[in-house]
Amino acid sequence: MKTLEILKLDTFKNAEDTDFSIESEVKALKEAISYFKANLGKEYPVIIGGEKIYTEDKITSINPSKKDQIVGYMSKANLEMVDKAIDVAVNTFATWKLVPAVERADYLFRAAELFEKKRHEFSAALIIESGKNYEEADAEVSEAIDFLNFYGRSMNQLEEDHHHLKSIPNEKNRLKYIPLGVGFIVPPWNFPLAITVGLTVSAVVTGNTTLLKPASNTSIIAYKFVELMEEVGLPAGVINFIPGDSSVIGDYITGHRLTRFISFTGSKDVGLRINEIAGKTAEGQKWIKRVNAEMGGKDGIVVDETADLDFAASEIIQSAFTFQGQKCSAGSRLIIVESVYDELIQKVIQLAQEIKVGNGEENYFVGPVIDEKAYNRILKYIEIGKKESKLVLGGTKGSEEGYYINPTIFIDADPNSTLMQEEIFGPVLTVAKAKDWEEAIEIYNNTDYGLTGSFFSKDESRIEQAIERMYCGNLYVNRRCTGALVGVHPFGGFNFSGTDSKAGGYDYLKLFSQGKTYTVRQN
């Protein structure tokens, strides 16, 4: 085998997004979209130990932009297949954990290179299956590439990180990180490529084997990632691809005695259920399971009277309405001090009125929400909002061709109202008034979540106080609360936003490892 270059974190650079002002790039993406659409309606298999298994029971993937268009049919794993996948993962772990870290990292680097070559292919899949526009899809491919390059380098770094242990006479002391075992990977539908890649390869590069259960709405995107990992030569059985119903296989895998850890991104309710099941010791289990959970947010933006209101309004629009507000980091609450309340609201409304809603294939700013269930849930919240607050924009359905909802803004909301407290996960912004910046921070903290937040101000002393007092995992000052970059903004939140695992940070890989200290007496 060739000698592998040991790349470490000092060489990491974020991937560059595509410049869609270049006509040839737009043309290339449109060609990729056409190619993907030419293959609609295909069937996709379960993959266990490299074996592709087609089943009669299938998930039907729908294009949310055109709800009468079937993207494809994904085979479902049953409990018998799950047992087989666990056995395969356990057996593969025995050999995979012995593969040198530099070799495991190299699979990630090769995958990153292949992703870059297939960038538009993956963007096309994201546009069709999840309803993203050009920029959102392309940025997600960049994030997937970043996870591969960052975690590969982090593994190489971790391999040499001995914590500078103290030495005493006649002893040699070392600390090494070893893998845990079999992990259950449960990614969400809203970042079906980037988070699927991040959750999976962080476990794989640290020497673990996995069962990957993709979100049903976006299972084909996840399949194409697994297919790419096969293409770079990742050994069979390291990633076992098991689409299926959470109610049938999810609880079973979570509670299985051989499951060592669960990595989850999704709703609060599901995350809490996973944590509860994982906390029960199964017969024959001999470890405490680890749960790494990111469970959403009710993220807020605070604006005081010293802020640049025009810039704040632009960032608020980006935070609230990109990808239809379907981001756990989306700024769905806006808290404004009363002296600039009316002025800023008018600026936000004016910008929101300019938003065009339509199919991501044509690169509209706002596209569809993910499915009928989400569509109906968001419309129900809008009806609640009409009773609780003042509707000043939207609140209406878009084209019936897909699951479109027009950008919606409510003002004069009570901080304890439903729309200020519950995660809606749609294009709905709710605004509350505060008497001053201190009360605004109090309103911001009045939530069960704690993921992201923004504070807009020109007052340095207030900024220092906001950094100290705003309770969230990722706080942004004078910028939007979305758009965390791998290696730049380690991501994770407090309270019911999850376990603050800090994805995209160097310490993240330690969540999939256990430290082993060994001491050798010297004669």
Side-chain angles (χ1 to χ4, degrees), residues 1 4 44-55 74-112 114 147-148 151-152 155 177-187 196-214 219-220 222-244 249-250 252-264 284-285 287 289-290 292 509 511-514:
M1 180 178 174
L4 300 176
Y44 298 86
V46 174
I47 305 176
I48 300 173
E51 180 187 0
K52 292 179 169 58
I53 306 167
Y54 291 86
T55 64
M74 180 60 66
S75 296
K76 288 184 184 180
N78 57 29
L79 289 181
E80 183 181 348
M81 293 177 193
V82 165
D83 281 333
K84 180 179 179 180
I86 292 173
D87 287 343
V88 167
V90 169
N91 291 332
T92 306
F93 176 65
T95 54
W96 179 244
K97 68 181 180 181
L98 301 177
V99 173
V102 64
E103 292 183 28
R104 299 196 303 261
D106 190 60
Y107 286 110
L108 273 60
F109 299 143
R110 288 187 299 190
L114 190 54
F147 277 131
L148 289 158
Y151 290 149
M155 187 65 241
Y177 289 95
I178 63 174
L180 298 174
V182 176
F184 183 31
I185 311 299
V186 191
T196 299
V197 170
L199 293 182
T200 306
V201 303
S202 53
V204 164
V205 79
T206 41
N208 303 286
T209 54
T210 58
L211 275 65
L212 167 58
K213 192 194 85 62
S219 55
I220 292 170
Y223 175 84
K224 289 187 175 295
F225 154 62
V226 176
E227 195 174 46
L228 183 142
M229 296 306 294
E230 288 182 335
E231 193 172 343
V232 299
L234 187 75
V238 174
I239 300 174
N240 298 282
F241 184 67
I242 49 161
I249 66 174
Y252 180 78
I253 301 169
T254 301
H256 198 284
R257 67 182 183 87
L258 294 176
T259 299
R260 185 63 178 80
F261 63 93
I262 303 98
S263 289
F264 167 79
Q285 181 180 320
W287 47 62
K289 295 177 183 177
R290 290 189 188 175
N292 307 303
L509 292 191
L511 298 174
F512 311 99
S513 310
Q514 47 197 353

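Counting from 1, the numbers follow the sequence of the chain as shown. Please read these numbers as outputs of a predicted model, since none were measured by experiment.
Between the side chain of Asn208 and the main chain of Leu180, a donor-acceptor pair closer than 3.5 Å is present. Side chain of Lys84 to main chain of Gly49: no donor-acceptor pair is present (N/O by atom type, distance under 3.5 Å, no hydrogens or angles). Looking only at distances, a side-chain donor or acceptor of Arg104 sits under 3.5 Å from a matching main-chain atom of Val205. Proximity of a side-chain donor or acceptor of Ser263 to a complementary backbone N or O of Asn292 within less than 3.5 Å is not detected. Proximity of a side-chain donor or acceptor of Thr95 to a complementary backbone N or O of Thr92 within less than 3.5 Å is detected.
When side chains are defined from C-beta on, Ile53 counts as touching Met81, because their heavy atoms get closer than 4.5 Å. Side chains of Leu212 and Phe225 form a contact here, defined as non-hydrogen atoms less than 4.5 Å apart. Within the 4.5 Å cutoff, the side chain of Tyr151 has no heavy atoms near those of the Val204 side chain. Within the 4.5 Å cutoff, the side chain of Ile185 has heavy atoms near those of the Phe261 side chain. Residues Thr254 and Phe184 meet the side-chain proximity criterion, which asks for heavy atoms closer than 4.5 Å.
Atoms CZ and OG1, from Arg290 and Thr259 in turn, are 15.0 Å apart once rounded to the nearest 0.5 Å. Taking CG of Leu234 as the start and CD1 of Ile239 as the end, the distance is 5.0 Å to the nearest 0.5 Å. Between the OG atom of Ser513 and the CE atom of Met155 there is a distance of 6.0 Å, given to the nearest 0.5 Å. Taking CD1 of Ile253 as the reference point, atom CG of Asp83 lies at 9.5 Å (rounded to 0.5 Å). In this structure, the separation between CD1 on Ile262 and CG on Leu199 is 12.5 Å, given to the nearest 0.5 Å. If you take CD on Gln514 and CZ on Arg260, they are separated by 5.0 Å, rounding to the nearest 0.5 Å.
Heavy atoms only, all atoms of each residue included: Ala222 and Pro214 are closest at CB-CB, 3.5 Å. Nearest heavy atoms, Lys97 versus Pro179: CB-CG, 3.7 Å. Shortest non-hydrogen contact noted between Leu211 and Val82 is CD2-O, 4.4 Å. Nearest approach of Asn240 to Ala85, heavy atoms of both residues: ND2-O, 4.0 Å. Minimum heavy-atom separation, Pro243 to Val46: CD-CG2, 4.0 Å. Contact detail for Val102 and Leu4: the closest heavy-atom pair is O-CD1, 3.7 Å.
Aromatic ring orientation, Tyr252 versus His256: perpendicular (interplanar angle above 60°, classes split at 30° and 60°).
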Might you work through the side-chain contact (heavy atoms from CB on, under 4.5 Å) test for Glu51 and Val88, ending with a clear yes or no?
CA-CA 11 Å; Glu51 180 187 0; Val88 167; over 6 Å; no
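Each of Phe241, Tyr223, Tyr54 was evaluated against Tyr44; a single residue qualifies, Tyr223, per the ring-ring contact (aromatic ring centres under 6.0 Å, His included) test.
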